[in-house]
Amino acid sequence: MTRAVHRFTLLLTGATFVLLIAGALVTSHDAGLATPDWPLSNGKVFPKMVGNLFWEHGHRLVATAVGLLTIALNVYLYKREARRWVRRLGFVALGVVIAQGLLGGLTVKLMLPLAVSAAHATLAQLFFCTVVSLTVFTSPRWREELRTIEDKENLPLRYLLLAAAITVFLQLILGATLRHSAPWDRYLPKELVLAHVGGAVAVSLILGAAILSVLRRHADETYLTGPARIALGLLALQLLLGLASYLTRLASPSDPQPLNPMIWVTVAHVTCGALAFATTIVLTLRAFKVLRAPESTFQLATA
Amino acid sequence: MSTKRKQLGLGLMLLLGLAGIGSNCGKTPDENGPPKAEETPYKKTGKEGTITGTIAFAGTVTLKKIDTSADLVCAKKNPNLETEDNVVKDGKLANAFVYIKNGTLADGKQLRDVSFAFSGDVTLDQNGCHYVPHVLGVQTNQKVRITNSDPTQHNIHPTPKYNPEWNQTQPNGAPPLEKTFGHSEVLVPVKCNQHPWMKAYIGVLKHPFFAVSAADGTFTIKEVPPGKYTLVAWHEGGASGTEKTIEVTVSANGTAKADFSFGAAAAASQNSSLELRPALELPVVGGH
């Protein structure tokens, strides 16, 4: 039965990833206000999906599905999960998805104020990482008695990875703020662009150092090196997508409407960022699982 | 002074400072200026003049084709829709908004201290999945009638700086929307969140002395009281459009001539890939 719970969390993770893409498409198409009402769309549950209403209402439909799956997961956890702290995390996920829905409504009712839109985008990433964490905690591998390894270098890898996860999260906040600071036909604020580039440098250094430390110190531990390699690949891809997003976004004020490649490149940048964050979280959780602080030894001075 | 009192004092100063900033946010340019004299209603004297002119455009520009396939109704009704930002024919520019920015009437009164009555409404239509007209002028508190002549749903969303922002859906067959703008603002961008290529601009002024250049680049502003004025021509493009200014003198029953010229070089520099907005506008809780 625990495998069934794990498979359900995988389903929810996949659905949430689709929702992240759907949400990013709304922003890139400038469809956030395609309908001024919420939670209905133009007074209907199923309006005619034309123009930008296709993206906005489509996003709402996927969000509803994710909300219902989260409720179902909580019921499943309540019935099948023995660990209370996992059930509580499921409840936290439910609270977050409800808050996210309300934030989404607020963005529409207040006509996309920057602070609320950026909060909505950031909370989406946090929700994604919460369900990814649930997937890790319900995995068969996590439940195994794994051999622990001494984290004996001067800078504990667990804390380095934790610092990397926090840095990635701060960069996500910057990215969300930048993305929502101007519509597609306006140039982005210079200060935010520079801050986001600075964040990219910080993430590259800290996450890069953490990943390379994992690969160097624990080359034989595939439990750690697996997600480390994925995170490294995603980091490299994200930097390229960031450059491509910047260049396509620079050109978009001259376009008659939101066009590809700007739409797909910016959506890819958002979702790759989410994947990089999620992979860093997985790596950090696994590091805390299998790495332990070194045992201190005292050597008594002999007379 | 005790530490607690110092902290309380600092906190109060901070709050007062924020209140000061907040009270200055959203104020129109009119409200930020020096106190005005009471406005005098203008009475026609029969000696009003005219300002006419032509808007020229140097260089060549290519209008961009719009992909309307996201809404099949638009694709069918207007398959060859193009942008309207640089409508140039024989070197003449259409859709330039020409208006009197300020000035002094012949009797010594400042234009801003005189009020002018308006009559009738102004209509903005959604036809062929684009706004008709693309640029229009209206007086403060004069009614704008917004109609939908398309067999599809539209969503009208003005994004002003000094007037309240609103966003409303208008299905096919719905009655006209009637809206007003209470503060002068040149110009209010209007978008459609359903069809993101749709754009219009509304110039809101306290007085009726404005015009939009026609397809042949000509404009006429009628019934202008004699006086000396600053005349501005606005053309869209760049972060907030390009403006050119000329000083004109309108004599009693006379016609003042004012020609403007815009160029492709100016338009291109406004769209330069190196141009970035200088700063994030505060407060961040404002809509867009």
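Every chain is numbered from 1 and lettered A, B, ... according to where its sequence line falls, protein lines coming before strand lines.
Atom NE2 of His195(B) sits about 11.0 Å away from atom CD of Gln257(A), to the nearest 0.5 Å.
Under the 4.5 Å side-chain criterion, counting only non-hydrogen atoms from C-beta, Pro171(B) is not in contact with Lys48(A). With contacts defined as side-chain heavy-atom distances shorter than 4.5 Å, the pair Ser254(A)/Lys64(B) qualifies.
Contacts with chain A were tallied for Ile66(B), Asp67(B), Thr83(B); Asp67(B) has the most, counting heavy-atom pairs under 4.5 Å.
A side chain to side chain contact (heavy atoms under 4.5 Å, CB included) with Leu33(A) holds for exactly one of Asn155(B), Asn193(B), Thr169(B); it is Asn193(B).
The shortest heavy-atom contact between Lys65(B) and Pro256(A) is O-CG, 3.8 Å. Between Met111(A) and Glu165(B), the shortest heavy-atom contact is CE-O, 3.1 Å. Of all heavy-atom pairs spanning Gln194(B) and Ala34(A), the tightest one is CG-O, 4.1 Å.
Shown here is Phe210(B), whose CZ atom has more than 12 heavy atoms of other residues, nucleotides or ligands within 6.0 Å. Remark: Trp264(A) CH2 is loosely packed, at most 12 non-hydrogen atoms of other residues, nucleotides or ligands lying under 6.0 Å away. By the 6.0 Å contact criterion, CG on Asn260(A) is enclosed, its count of non-hydrogen atoms from other residues, nucleotides or ligands being greater than 12. Counting non-hydrogen atoms of neighbouring residues, nucleotides and ligands closer than 6.0 angstrom, the NZ atom of Lys179(B) exceeds 12 such neighbours.
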Let's go through Val50(A) and Gln153(B) carefully: what are the C-alpha distance in whole Å and the side-chain angles of both, what is the deciding distance for side-chain contact (heavy atoms from CB on, under 4.5 Å) to 0.1 Å, and is it a yes or a no? CA-CA 9 Å; Val50(A) 292; Gln153(B) 187 162 266; 5.6 Å; no

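Within the 4.5 angstrom heavy-atom criterion, no atom of Trp55(A) approaches chain B.
Note on Lys191(B) versus Asp185(A): no salt bridge recorded, every NZ/NE/NH1/NH2 to OD/OE distance being 4.0 Å or above.
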